[in-house]
Amino acid sequence: MTLNTMKELAEGASLPEPLPAQRKLRGADMVQKCWWLLIPIIIVAITLAFLPSEMLPKNMFSATILIIVAAAVSLVWALLQFLAISKVEIKAQPSDESTALSSGAGDEETTARLIEIYEAIYEGAESFLRAEYTICFWFVTLFSGIVLVLVMWGTGWNVPSGVFTALSFLLGALTSMASGYLGMKVAVFSNVRTTVSAQKPGWTACFNTAFRAGAVMGFALCGLGILMLYLTMLAFRIHFKAPEDWRYLTECLTGYGLGGSVIAMFGRVGGGIYTKAADVGADLVGKVVHGIPEDDPRNPATIADNVGDNVGDVAGMGSDLFGSFAESTCAALVIGSSIGVSGGWDAMVFPIIVSGIGIFVCLLASFIATDLKPVKGESQVEEALKIQLISTTVLMIPAVYFAAASYLPDSFDLKATVGDDIFTIKPWMATVCVIMGAVGGLIIGLITEYYTSHSYSPVREVANSCKTGAATNMIYGIALGYKSAIIPVLVLAVVIYGSFTMCDMYGVALAAIGFLSNLATGLTIDVYGPVCDNAGG
């Protein structure tokens, strides 16, 4: 927003018409009050999932029911969270000096400024992603042809394998693009509403608005990723009917992970560079050249900075995590494809089952932050987010155990990745591998928080080192960064060694699935940060 625009607003610009997104949606109140209706749906889904296959209708697999219901519940829950956010109108509320959005400005003038800034950020983010995804589309189209030719050539000109791999590549790329674009839309939609909610008394409304914005991204991405991956598998299964051919089915699915990774590269690197360039540029022109505070509305580069938060930290991160999810899931399916011969379809898709159960766990745990133990003070914000990570990890332990006992055979043989050894694997061993990954991810998250949160001594020590100059600050900061990597590296080493010892590379793949088993909660927390950052200025 330029100085001339602000001057016009100060002189009494007319209040713009409400945006379509600003209008209150019908039925939002009913949706907000009836979230508990999802609980019996979850109970029914879990009950159906654990029924023996012979008790289900013919050709209806319990794993299929669980995965599809989990994806559907995830998407519905994301929609419900979006409707709850939509209840917040973009309208400045009468407030005292401590909560006023603009000193000395009337409610109508403040509302006009909110809408204008909101539209500017939305237009900037939309323009960036449109330009970026146009390049991505042509690149993916060209690269899919290369994948088609190379796979056909590598498999002795097997046309179905080449076509299926290229199709899964396209689906993975398009799903990743959709995830990033959805994240940007939700973040921009929620930023201004978080600002408005901050005017209300207490911290609950503001926190819940930003937290629900993250939940929309987290659950929508997980639900969409699982649904697209599993439907692709079911479609390929029409061609690869025999269990002995499912190995080729999973090999064709590797294109899905590759497609997600390609878009993650564009989104994370391209969006990240734009984000940092806009951030540093805004700081330089504001603080250094004109001597005004960071995020000052008189600095037009502030809009570019806010746009960067949405396209890099939200859209780019969403594509990045989707790529990680797709890669780890496809790797586990390829390595464990031989399980389908002895254990059947349900056993082979066990990695996707873990992700599906993780959706239910994350959904139930989200009520802790918004309903059971709402945030009522600044000191409780960090605690609420930390409880989300801990609770989902703890709940995943029994959930994974029952899933492994229900879907995996009592024992199955798996050929070693290197050599001719045969591993006899039991459900409890697969459970331990997943749990090692989940607990390892929690430990790494808590260690990261310790070294980056202002609540603990490392960050405060870095701040104190600034008193003696930039040199000591840089030296201390770099040394602290090296120190912070020690425990995560050791945790990764223990997880990899333990899982490999029990289940060879299949165990390592399951551990990677464990790391991402509470991805919906992790994404919720990740998006929460940029939304609050934009809401603050």
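Bear in mind the structure is a predicted one, so any value in this text is a computation, not a measurement. This chain uses plain numbering: 1 for the first residue, then up along the sequence.
Looking at L170 and V140, their side chains come closer than 4.5 Å, going by heavy atoms from C-beta outward. By the 4.5 Å heavy-atom criterion applied to side chains, I447 and S484 are not counted as neighbours. A 4.5 Å side-chain heavy-atom check between W345 and L234 finds at least one atom pair inside the cut-off. Contact annotation: the side chain of L182 never approaches that of L224 to less than 4.5 Å [non-hydrogen atoms, C-beta and beyond]. A heavy-atom distance below 4.5 Å is found between the side chains of I525 and Q388. For the pair L253/L229, a side-chain contact is recorded, criterion being any heavy-atom separation below 4.5 Å from C-beta on. Side-chain contact check for M177 versus L129: every heavy-atom pair is 4.5 Å or farther apart. At a threshold of 4.5 Å between non-hydrogen side-chain atoms, the residues F350 and I339 do not count as touching.
The side chain to side chain donor-acceptor pair (under 3.5 Å) pairs that include a residue from residues 247-257 are R247-E251, where partners are two or more places apart or lie in different chains. Pairs of residues two or more places apart, or lying in two chains, never qualify as ring-ring contact (aromatic ring centres under 6.0 Å, His included) while including a residue from residues 487-517. Legend: salt bridge (Lys or Arg N to Asp or Glu O under 4.0 Å) pairs involving residues 385-397, not counting sequence neighbours, sorted by first then second residue: K386-E449. For residues 171-185, the salt bridge (Lys or Arg N to Asp or Glu O under 4.0 Å) pairs, not counting sequence neighbours, are E126-K185. Every pair tested for salt bridge (Lys or Arg N to Asp or Glu O under 4.0 Å) that includes a residue from residues 438-447 fails, sequence neighbours excluded, so the list is empty.
The number of heavy atoms from other shown groups lying within 6.0 Å of CH2 (W157) is above 12. Within 6.0 Å of atom OH in Y401, 12 or fewer heavy atoms from other residues, nucleotides or ligands are found, so the atom counts as exposed in its surroundings.
For the ring-ring contact (aromatic ring centres under 6.0 Å, His included) criterion with F266, the lone passing option out of W138, F137, F139 is F139. Remark: of the listed residues I226, I513, V349, I513 is the sole one forming a side chain to side chain contact (heavy atoms under 4.5 Å, CB included) with T329.
Scanning both residues, A331 and A509, for their nearest heavy atoms gives C-CB, 4.5 Å. Here the closest non-hydrogen pair linking V216 and I85 is CG2-CD1, 4.2 Å. Heavy atoms only, all atoms of each residue included: I353 and A403 are closest at CG2-CB, 4.2 Å. In terms of heavy atoms, L510 sits closest to P351 at CD2-CG, 4.3 Å. Here the closest non-hydrogen pair linking A84 and R212 is CB-CD, 3.9 Å. Shown here for V188 and A125, the closest heavy-atom pair between the two residues is CG2-CB, 4.3 Å.
Taking CD of Q81 as the reference point, atom OG1 of T370 lies at 7.0 Å (rounded to 0.5 Å). Distance OG/S176 to CG/L171: 12.5 Å, rounded to 0.5 Å. For the atom pair CG (L363) and CZ (F219), the distance works out to 4.5 Å, reported to the nearest 0.5 Å. The structure places OG of S355 at 10.5 Å from CG of L66, a figure rounded to the nearest 0.5 Å. Once rounded to the nearest 0.5 Å, the distance linking CZ of F143 with CG of L148 reads 12.0 Å. Rounding to the nearest 0.5 Å gives a distance of 4.5 Å between OG of S328 and CG of L516.
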Pairs of donor and acceptor atoms involving the side chains of residues 424-441, under 3.5 Å and at least two apart or interchain, shall be tabulated with distances.
unit_1, atom_1, unit_2, atom_2, d
T424, OG1, D413, OD1, 3.0
T431, OG1, P427, O, 2.9

Scan the side chains in residues 162-169 for donor-acceptor partners under 3.5 Å anywhere in the protein, sequence neighbours excluded, and list what turns up.
unit_1, atom_1, unit_2, atom_2, d
T165, OG1, S161, O, 2.7
S168, OG, F164, O, 3.2
S168, OG, T165, O, 2.8
S168, OG, C252, O, 2.7

Pair M317, V527 - check side-chain contact (heavy atoms from CB on, under 4.5 Å), show working. CA-CA 9 Å; M317 177 193 60; V527 175; 3.7 Å; yes
Kindly indicate, with the supporting measurements, whether the criterion side-chain contact (heavy atoms from CB on, under 4.5 Å) is fulfilled by V269 and I273. CA-CA 6 Å; V269 177; I273 292 175; 3.9 Å; yes
Please walk me through it: do M233 and L333 pass side-chain contact (heavy atoms from CB on, under 4.5 Å)? CA-CA 11 Å; M233 290 187 68; L333 290 171; 3.8 Å; yes
Could you walk me through whether F402 and I357 pass the side-chain contact (heavy atoms from CB on, under 4.5 Å) check? CA-CA 10 Å; F402 286 115; I357 291 177; over 6 Å; no
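Residues satisfying the ring pair (Phe, Tyr, Trp, His ring centres under 6.0 Å) criterion with Y181, sequence neighbours excluded, are absent altogether. Legend: residues meeting ring pair (Phe, Tyr, Trp, His ring centres under 6.0 Å) with Y133, ordered by chain and number and at least two apart, are absent. Here D526 pairs with nothing under the side-chain hydrogen bond (donor to acceptor under 3.5 Å, both in side chains) rule; sequence neighbours left out. T392 meets the side-chain hydrogen bond (donor to acceptor under 3.5 Å, both in side chains) test with N518; sequence neighbours excluded. Partners of F211 by ring pair (Phe, Tyr, Trp, His ring centres under 6.0 Å), not counting sequence neighbours, listed by chain and number: F207.
The backbone N or O of F82 lies less than 3.5 Å from a partner atom in the side chain of S86, making a donor-acceptor pair. At least one donor-acceptor pair closer than 3.5 Å links the side chain of S517 to the backbone N or O of G514. S453 places no side-chain N or O within 3.5 Å of a backbone atom of Y450 that could act as its donor or acceptor partner. Judged by distance alone, with hydrogens and angles left aside, the side-chain atoms of W246 form a donor-acceptor pair with the main-chain N or O of F240 at under 3.5 Å. A donor-acceptor pair is defined here as one N or O able to donate and one able to accept, closer than 3.5 Å; no such pair exists between the side chain of S190 and the backbone of A187.
Between F322 and F325, the angle of the ring planes lies from 30° to 60°, which puts this pair in the tilted group.
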